[in-house]
Amino acid sequence: QVQLVESGGGLVQAGGSLRLSCAASGRTFSSYAMGWFRQAPGKEREFVAAISWSGGTTDYADSMKGRFTISRDNAKNTVYLQMNSLKPEDTAVYYCAGLYSGRSGYTSRNHHLYDYWGQGTQVTVSS
């Protein structure tokens, strides 16, 4: 069992930065690939970024490449999403999710495959 709690959301002007954190409980955090997803009102949940349990593999949605960076600290049971050059269209609720994986380099963009989800944190980017 893994419980996930996001933090770090808020209101920021376009061009600004935010750093989201996702703290995980449970002793097997390092066995989970982690992902960030987002959902804006009236839209479907969207893949943002993912990282393998070892941290050696990362994946980003095209619109986030070069602006967002996902990282993890297994010693702290925490995954991060550094978001730079934010745009109004980045406004959404951001969720972290965990996917149990036995392969060190595994990540997934498919939110249906993730086993655990946080409650979400709101990010609002003003123009």
Side-chain angles (χ1 to χ4, degrees):
Q1 186 78 12
V2 176
Q3 293 184 330
L4 304 173
V5 179
E6 302 97 333
S7 61
L11 174 64
V12 63
Q13 289 188 333
S17 298
L18 282 174
R19 188 194 196 201
L20 305 184
S21 298
C22 174
S25 64
R27 295 176 294 177
T28 60
F29 174 74
S30 59
S31 299
Y32 285 78
M34 299 298 294
W36 285 97
F37 296 81
R38 69 186 186 184
Q39 189 164 18
K43 295 188 177 181
E44 294 187 352
R45 190 160 296 191
E46 176 186 23
F47 170 75
V48 174
I51 188 167
S52 61
W53 66 255
S54 68
T57 301
T58 57
D59 185 27
Y60 298 92
D62 288 345
S63 61
M64 287 70 165
K65 286 181 181 178
R67 299 191 300 127
F68 292 9
T69 302
I70 188 171
S71 61
R72 67 189 294 161
D73 185 337
N74 286 343
K76 295 182 178 180
N77 281 10
T78 303
V79 63
Y80 305 97
L81 184 69
Q82 177 68 44
M83 305 187 294
N84 299 328
S85 303
L86 283 162
K87 306 174 182 179
E89 51 264 42
D90 293 319
T91 295
V93 177
Y94 283 70
Y95 300 90
C96 72
L99 168 60
Y100 181 79
S101 172
R103 290 182 285 158
S104 63
Y106 182 76
T107 62
S108 177
R109 297 185 173 199
N110 185 349
H111 68 273
H112 294 292
L113 297 180
Y114 283 76
D115 303 301
Y116 300 102
W117 291 84
Q119 82 289 349
T121 186
Q122 176 70 46
V123 171
T124 303
V125 184
S126 63
S127 57

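What you see below is based on every heavy atom in this structure, not just the backbone, and it leaves out hydrogens, waters and symmetry mates. Small disclaimer: the values here were computed from a predicted structure and weren't measured. This chain uses plain numbering: 1 for the first residue, then up along the sequence.
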Nearest atoms (heavy-atom pairs only) where [X] meets [Y]:
X	Y	answer
Ala49	Leu81	CB-CD1, 4.2 Å
Ile70	Val79	CG1-CG2, 4.0 Å
Val2	Ala24	CG1-CB, 4.1 Å
Phe47	Ser108	CE1-O, 3.8 Å
Thr121	Gly9	OG1-N, 3.2 Å
Asn74	Ser30	ND2-CB, 3.8 Å

- prompt: For the side chain of Thr78 and the backbone of Lys76, is there at least one donor-acceptor N/O pair under 3.5 Å apart?
  reply: yes
Short side-chain to backbone donor-acceptor contact, Trp117 and Cys96, under 3.5 Å: no
query: For atom CD of Glu89, is the number of surrounding heavy atoms from other residues, nucleotides or ligands below 6.0 Å larger than 12?
result: yes
- request: Evaluate the side-chain proximity of Leu99 to Tyr116: yes if any heavy-atom separation is below 4.5 Å, no if none is.
  value: no
message: Is there a side chain to side chain contact (heavy atoms under 4.5 Å, CB included) between Thr91 and Gln122? Walk through the geometry before answering.
response: CA-CA 8 Å; Thr91 295; Gln122 176 70 46; 4.0 Å; yes
- request: Establish whether Ile51 and Trp36 are linked, either directly or via other cluster members, by ILVMFWY side-chain heavy-atom contacts under 4.5 Å.
  value: yes
task: Please name all residues satisfying side-chain hydrogen bond (donor to acceptor under 3.5 Å, both in side chains) with Arg109, sequence neighbours left out, ordered by chain then number.
output: Asp59
query: Does any pair with a residue in residues 39-51 pass side chain to side chain donor-acceptor pair (under 3.5 Å), and if so which ones, sequence neighbours excluded?
result: Arg38-Glu46, Gln39-Arg45
query: What's the spacing between Arg67 CZ and Ser85 OG if we round to 0.5 Å?
result: 7.0 Å
query: Could you give all pairs that pass the ring pair (Phe, Tyr, Trp, His ring centres under 6.0 Å) test and reach residues 61-107, with sequence neighbours left out?
result: Tyr32-Tyr100
task: For Tyr114, check ring pair (Phe, Tyr, Trp, His ring centres under 6.0 Å) against everything at least two apart and list the hits.
output: Phe37
query: Which residues satisfy the side chain to side chain contact (heavy atoms under 4.5 Å, CB included) test with Ser54, sequence neighbours excluded?
result: Ser52, Ser104
If you look only at distance, which donor and acceptor atoms sit under 3.5 Å apart when one is on a side chain in residues 10-21 and the other is two or more places apart or in another chain?
{"residue": "Ser17", "atom": "OG", "partner": "Asn84", "partner atom": "OD1", "Å": "2.9"}

query: Should Asp62 and Lys65 count as an ion pair when the cut-off is N to O under 4.0 Å?
result: yes
message: Checking Met83 against Asp90 for the side chain to side chain contact (heavy atoms under 4.5 Å, CB included) test, could you report, in this order, the C-alpha distance in whole Å, the side-chain angles of both residues, the deciding distance, and whether it holds?
response: CA-CA 10 Å; Met83 305 187 294; Asp90 293 319; over 6 Å; no
